[in-house]
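Everything on this sheet refers to the single structure shown next.
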Amino acid sequence: SFTKPQPITADKTSQRFETAAVDPWTGRVFAAWLDKRNVAKARAAGKPYAGAALAYAWEDGEAGFGPTAIALDNTCECCRLGVAFAGPAKPAVVFRNIFPGSVRDHGVVTFRDSTTPGPVRRVSADEWKIEACPHHGPSIAIAPDGSYHVAWYTDGSTRKGLFYARADTADMPFAQPRALSAANRQPARPFVLSNGNTLHLVWKEFDGTKSLVRWQASSDSGRRWREPSTVADTADASDHPLLVAHAGQAYLSWLTKADGYRLIALGDRP
């Protein structure tokens with residue numbers, strides 16, 4: 001049975017775009033979200049504060065979640081987050097950051113331990129300068145060999161569209177981004193998943209009539225990918241495509257207005 005719902009934080013200023021993930025090594029639940037408590041404090045002191053803070057907390061057994069902490073100030077305030085784990089109690093969070101000049105590009109913070117966030121590592125210099133939030137968040141996976149895999153959308157001056165990039169380790173720079181689709185097909189909402197030795201990557205695009213979910217897989221840690229294929233489509237409204245895995249099998253989880261909820265098994269061998 002479910003326990004009685006409890007607030008993760010007592011602060012009620014503004015919390016949004018929360019995500020939770022289970023640490024596969026320890027079984028503890030890690031929660032991260034965008035938090036505007038420091039915005040209110042700054043304004044009360046007459047100081048500027050761009051965006052929101054990246055906040056987090058850990059599950060503490062039956063007591064619920066432990067203390068809330070701020071990992072980073074001045075992140076973009078309205079894009080969903082992505083979480084993966086680099087090791088026991090070492091979550092890696094990908095988010096849209098605010099770089100100097102109000103550039104809204106993506107960064108990754110990998111925790112050194114459960115309470116020590118590492119530095120921001122920029123995924124790509126897309127140079128999307130905008131005084132607003134794009135409402136379009138990234139996705140991250142970490143493969144068994146420790147390589148990082150991030151997919152995201154940008155409308156920057158350097159590149160526009162949907163992109164994927166990998167890094168060999170937590171400390172290595174990300175390689176040159178690879179476009180996932182032509183910009184005129186309105187590619188959006190990527191999701192990347194590491195399932196054993198296979199990486200899966202899905203996204204939405206539009207062919208002029210239908211919304212398609214496109215899928216790619218890689219069996220060599222993202223160095224080579226099979227050609228994209230369409231695994232589902234709909235002619236009406238739909239949610240973002242998600243990936244889940246169970247007992248070694250990866251699935252597309254997708255909700256559409258016309259066809260309802262669909263759970264589609266994906267082949268694990270590219």
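Only heavy atoms go into these numbers, but all of them, side chains included; no hydrogens, no water, no symmetry mates.
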By side-chain hydrogen bond (donor to acceptor under 3.5 Å, both in side chains), which residues pair with Ser147, not counting sequence neighbours? Asp145, His149, Ser221
Is any side-chain heavy atom of [X] less than 4.5 Å from a side-chain heavy atom of [Y]?
X	Y	result
Phe163	Pro138	no
Leu54	Val93	yes
Phe206	Leu212	no

Would Phe95 and Phe17 satisfy ring pair (Phe, Tyr, Trp, His ring centres under 6.0 Å), going step by step from the backbone distance to the final call? CA-CA 11 Å; Phe95 55 96; Phe17 292 88; over 10 Å; no
So, [X] and [Y]: side-chain donor and acceptor under 3.5 Å apart, yes or no?
X	Y	result
Glu205	Ser181	yes
Asn195	Thr198	no
Asp11	Thr13	yes
Trp152	Asp126	yes

Got a donor-acceptor contact below 3.5 angstrom from the [X] side chain to the [Y] backbone?
X	Y	answer
Thr75	Ala52	yes
Arg37	Lys12	no
Arg96	Arg104	yes
Arg178	Tyr164	no
Asn97	His106	no
Ser102	Ile130	yes

[X] to [Y] - nearest heavy-atom pair and separation:
X	Y	result
Ala84	Ile142	CB-CG1, 3.8 Å
Cys76	Cys133	SG-SG, 3.1 Å
Thr68	Ala55	CG2-CB, 4.3 Å
Leu252	Leu243	CA-CD2, 4.1 Å
Pro187	Ala182	CD-O, 3.3 Å

What is the distance from atom CG of Asp239 to atom OG of Ser211, rounded to the nearest 0.5 Å? 11.5 Å
Rounded to the nearest 0.5 Å, how far does CG of Asp168 lie from CG of Asp171? 11.0 Å
Tyr153 and Trp203: CA distance, side-chain angles, deciding distance, side chain to side chain contact (heavy atoms under 4.5 Å, CB included) verdict: CA-CA 10 Å; Tyr153 174 82; Trp203 65 91; over 6 Å; no
Does a sphere of radius 6.0 Å around NZ in Lys36 hold more than 12 heavy atoms from other residues, nucleotides or ligands, not counting ones at 6.0 Å or beyond? yes
Please indicate whether Lys210 has more than 12 foreign heavy atoms, meaning atoms of other residues, nucleotides or ligands, lying under 6.0 Å from its NZ. no
How would you list, by chain and number, every residue that makes a side-chain contact (heavy atoms from CB on, under 4.5 Å) with Ala69, sequence neighbours excluded? Tyr56
Trace of the salt bridge (charged side-chain N to carboxylate O under 4.0 Å, His left out) decision for Asp23 with Arg28: CA-CA 5 Å; Asp23 182 339; Arg28 296 177 70 196; over 6 Å; no
Kindly confirm or rule out a cation-pi arrangement of Arg80 over Trp33, judged by NZ or CZ under 6.0 Å from the six-membered ring centre and within 45° of its axis? no
Aromatic Phe174 / basic Arg122 pairing, under 6.0 angstrom, 45° off normal: no
For the pair His200 and Trp215, name the ring-plane relationship: parallel under 30°, tilted 30 to 60°, perpendicular over 60°. parallel
Would you mind listing every ring-ring contact (aromatic ring centres under 6.0 Å, His included) that reaches into residues 236-267, with sequence neighbours excluded? none
